[in-house]
Amino acid sequence: MSRNEDLWERAFQLAFFIVSDRASAYEIAAKAVEKLGLQSSREKRRVYWRGRNAKLKIRRISRPDADALQWLVYLESEECEKEQERNNRHTETDLVVRYIKYLVQLTTSASSFYVNVGLNRLLRNYSTSEVQQVYEFTTEHYPASEEYRKIKGRLMNQLAARFDGFVNIRTSEYRELKFETYQNQKQWAMLVEECLEVFTPWSSKEACLRDSAELRFGDPGTGVKHHNSPNHVDGIETNRCHWFMHSPCYGELARKLGLDPPEERLSVPQFQFKSGGGQDPDPSGSGRKIAPLTEAEMKALRQRIDSSDARRQQALLQPLKIVAHGAVCAHLDPLRNEKRQFEIHEGMKLLEVRTETAGTDLTLATHWIDYTEWNGMAAGEYTIALKDKRQLAFKIVPAASGTAQEGGATVVVESRSSSFLPAWLNLIGSYLQVRRNVPAYAFACVLFAALGWLAAAAHYRSRLAHQQAVVEHMSTEIASQKATSAPAEQKPPQPTKAVATYFLASATPSLRGTDNPAEPVVTFARGDSLVMLDLGVAQGERSPYRATLSSFPEEQELLREDLLKPIKKSDGWVVELALPSAHLADRAHYLVTLETVDSGGRVTPVTRVLFEVRK
């Protein structure tokens, strides 16, 4: 059996583990294998930004075939899973397996940060601070604690939507939203271990930290050193996914940091059953294996792959569909210059370009979406070459931070000609082809001169556009200032109204402790547009502070102030934060987080205070 066919067999076994039906598993594996070899989009330009922080890293994992096929099986199995659940052909064990699979599917599509948060906050019951310790130790990256909570909340929303009607959500003692879980977690320990063995990235089998004699820091950005650690970013990131998923590996990290082992922190959601559906007498998952593909099945799969390749080569340029995880997002004609726009949510990884031939869909190309380390999708521009000098251009525009779509993106897809080089450059190419008797150095001179002119012209246009944008922005600012200042000069000076000030302090930087003081109330008097918060800090801290205001319990960021300096008041040393009434609702709860940021960008939590607003 060839190496590719070994992977096909693994894909088939994985599909059966998820859906427990041989015919369905074969179809899932076949669809995944068909997509594996498709032409992926060729990156033309990648630019990325994320609102307040332009230095966020992109965790763009370039997947080996094994991992790509493994993830494609997760995606292709969804339709069959949901069909079984609609027809009540599922068990309690099926739902536990699919919960873990979907969590792995969502998180490995993004980055190891998502894997750590998802697996260890929503399958294991580690706290935010504990998950943060593991991530910082392993990677030497230091996202703020709010980033962990935001990712956890967004993942939980997606899981709740996928398993709607099967899981219940409750509010914990400290107002944290959680899934209701089984009282007896030990009954699921074997199944969870089996799932994580099966779902851990296939390419990372040599990455285990089991029986590691030493875990230590390496060079900045490489994180934990291990004798089988690769020296390239993609391999390092994939290995981190392995360590954060695989129970023995996470156990090693937990032991190093003095945390409980993973098996003592299981938090499997309790699944409810509608009419039909059944509970498994054996939740170990021991029966989720099947006999290998027969020679006849393997032959049929080879013929299917060859047939798809032939159809793809012969396919004419027909109307196209852009599909994201099975949902059609846009239609366009590749022979015309057209542009379409649609939204995709966090967790989506694959865009497909499909056409219809002989009454069936045929996937022509795919594009794998890039993610930042912990802030959702990354911006970029990409192209896919089509026939007849046509192409599709994809532009990914991430949703703004703090919006309901945060983590997702807008996709702009454009059908256009690929012959976009200036006509004179094409003429130079024709001229070079005809005049072969001219010395080679003369052709080189002409070509380099042409390329130099093209680069200079592009640079000039870019600079000119930038300067025009700056001028327009300045003009708008000046006009705005004039509009607001002119009336003010004509009015007599008004007496200054005192701004109400509230002193807030917390004895612990976590809202999850049992000794937190009573929740304070911040009151806006009638007509007040602003109050001041004095956030207590220790004397002597010289690093600048960062204060963040978030809604609670959603923890959606509403306001952030950087480079704040402490001042001395009667209550001691405080950091002042102005709280505008327009950002707040009556009788709503809000969370203010204060952190220090050192010169190297490392964030250290100082205090977190929950309070109620009344107007």
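Closest approach of Tyr26 and Leu301 over heavy atoms only: OH-N, 3.3 Å. Heavy atoms only, all atoms of each residue included: Lys387 and Ala315 are closest at NZ-O, 2.7 Å. A pairwise comparison of heavy atoms in Pro201 and Asp67 identifies C-OD1, 3.7 Å as the closest pair. Scanning both residues, Asp94 and Arg89, for their nearest heavy atoms gives OD2-O, 4.4 Å. Across Arg416 and Asn337, no two heavy atoms sit closer than the pair CA-OD1, 3.4 Å. Pro398 approaches Ala379 most closely through the heavy-atom pair CD-CB, 3.4 Å.
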Intermediate values then yes/no, side-chain hydrogen bond (donor to acceptor under 3.5 Å, both in side chains), Arg302 and Asn4: CA-CA 10 Å; Arg302 291 188 208 106; Asn4 279 346; over 6 Å; no
CA sep, side-chain torsions, deciding dist, call: Glu237, Ser112, side-chain hydrogen bond (donor to acceptor under 3.5 Å, both in side chains): CA-CA 6 Å; Glu237 183 70 0; Ser112 64; 3.0 Å; yes
side-chain hydrogen bond (donor to acceptor under 3.5 Å, both in side chains) between Glu346 and Tyr114, intermediate numbers included: CA-CA 11 Å; Glu346 190 173 28; Tyr114 283 70; 2.5 Å; yes
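Side chain to side chain, Thr372 and Asn375 fail the donor-acceptor criterion of an N or O pair below 3.5 Å. Side-chain atoms of Asn116 and Tyr148 form no donor-acceptor pair, as typed in the model, at a separation below 3.5 Å. Side-chain contact, Glu83 with Asn87: a donor N or O sits under 3.5 Å from an acceptor N or O. With 3.5 Å as the limit, one finds a donor-acceptor pair spanning the side chains of Glu197 and His246. A donor-acceptor contact closer than 3.5 angstrom is absent between the side chains of Arg312 and Ser307. Checked by atom type, the side-chain pair Glu373/His141 shows a donor-acceptor distance below 3.5 Å.
By the 30° and 60° cut-offs, the orientation of the rings of Tyr135 relative to Trp374 is perpendicular.
Residue Glu356 holds its CD atom at 12.0 Å from CG of Leu320, rounded to the nearest 0.5 Å. Residue Ile305 holds its CD1 atom at 5.0 Å from CD of Glu34, rounded to the nearest 0.5 Å. One distance of note links OG of Ser401 with CD of Glu406; it measures 4.0 Å at 0.5 Å rounding. To the nearest 0.5 Å, atom CE of residue Met245 and atom SG of residue Cys249 are 10.5 Å apart. Rounded to the nearest 0.5 angstrom, Ser417 OG and Arg390 CZ are separated by 6.0 Å. Atom CD in Glu352 sits 7.5 Å away from atom OG1 in Thr366 (nearest 0.5 Å).
Considering Glu85, Glu78, His90 as possible partners of Arg98, the one that fulfils the side chain to side chain donor-acceptor pair (under 3.5 Å) test is Glu85.
Considering only heavy atoms from C-beta on, Leu7 comes within 4.5 Å of Asp65 through its side chain. Side-chain contact between Lys101 and Cys195 is absent, with no heavy atoms from C-beta onward closer than 4.5 Å. Proximity of Asp333 to Gln318: side-chain heavy atoms (C-beta onward) are nowhere separated by under 4.5 Å. Residues Leu14 and Trp202 form a side-chain contact, since some pair of their non-hydrogen atoms from C-beta on lies under 4.5 Å apart. Looking at heavy atoms from C-beta onward, Met377 lies out of side-chain contact with Asp370 at the 4.5 angstrom threshold. Using a 4.5 Å heavy-atom threshold, the side chains of Leu351 and Val411 count as touching. A 4.5 Å side-chain heavy-atom check between Gln13 and Trp8 finds every atom pair outside the cut-off. Glu5 is listed as a side-chain neighbour of Met298, based on a closest heavy-atom distance under 4.5 Å.
Between Lys395 and Glu414 no salt bridge is recorded (no basic side-chain N to carboxylate O distance below 4.0 Å). The existence of a salt bridge linking Lys299 and Glu297 is excluded, since no basic side-chain nitrogen approaches an acidic carboxylate oxygen closer than 4.0 Å.
Residue pairs meeting the ring pair (Phe, Tyr, Trp, His ring centres under 6.0 Å) criterion with at least one partner in residues 300-320, sequence neighbours excluded, do not occur; the list is empty.
Heavy atoms from other residues, nucleotides or ligands lying under 6.0 Å from CD of Glu79 number 12 at most.
The backbone N or O of Ala393 sits nowhere less than 3.5 Å from a side-chain atom of Thr383 that would complete a donor-acceptor pair. Between the side chain of His325 and the main chain of Lys349, a donor-acceptor pair closer than 3.5 Å is present.
Within the 6.0 Å centre-distance limit, the rings of Tyr74 and Phe199 are counted as a close aromatic pair. Phe163 and Phe179 have their aromatic ring centers separated by at least 6.0 angstrom. Aromatic rings from Trp368 and Trp71 are positioned such that their centres are separated by under 6.0 Å.
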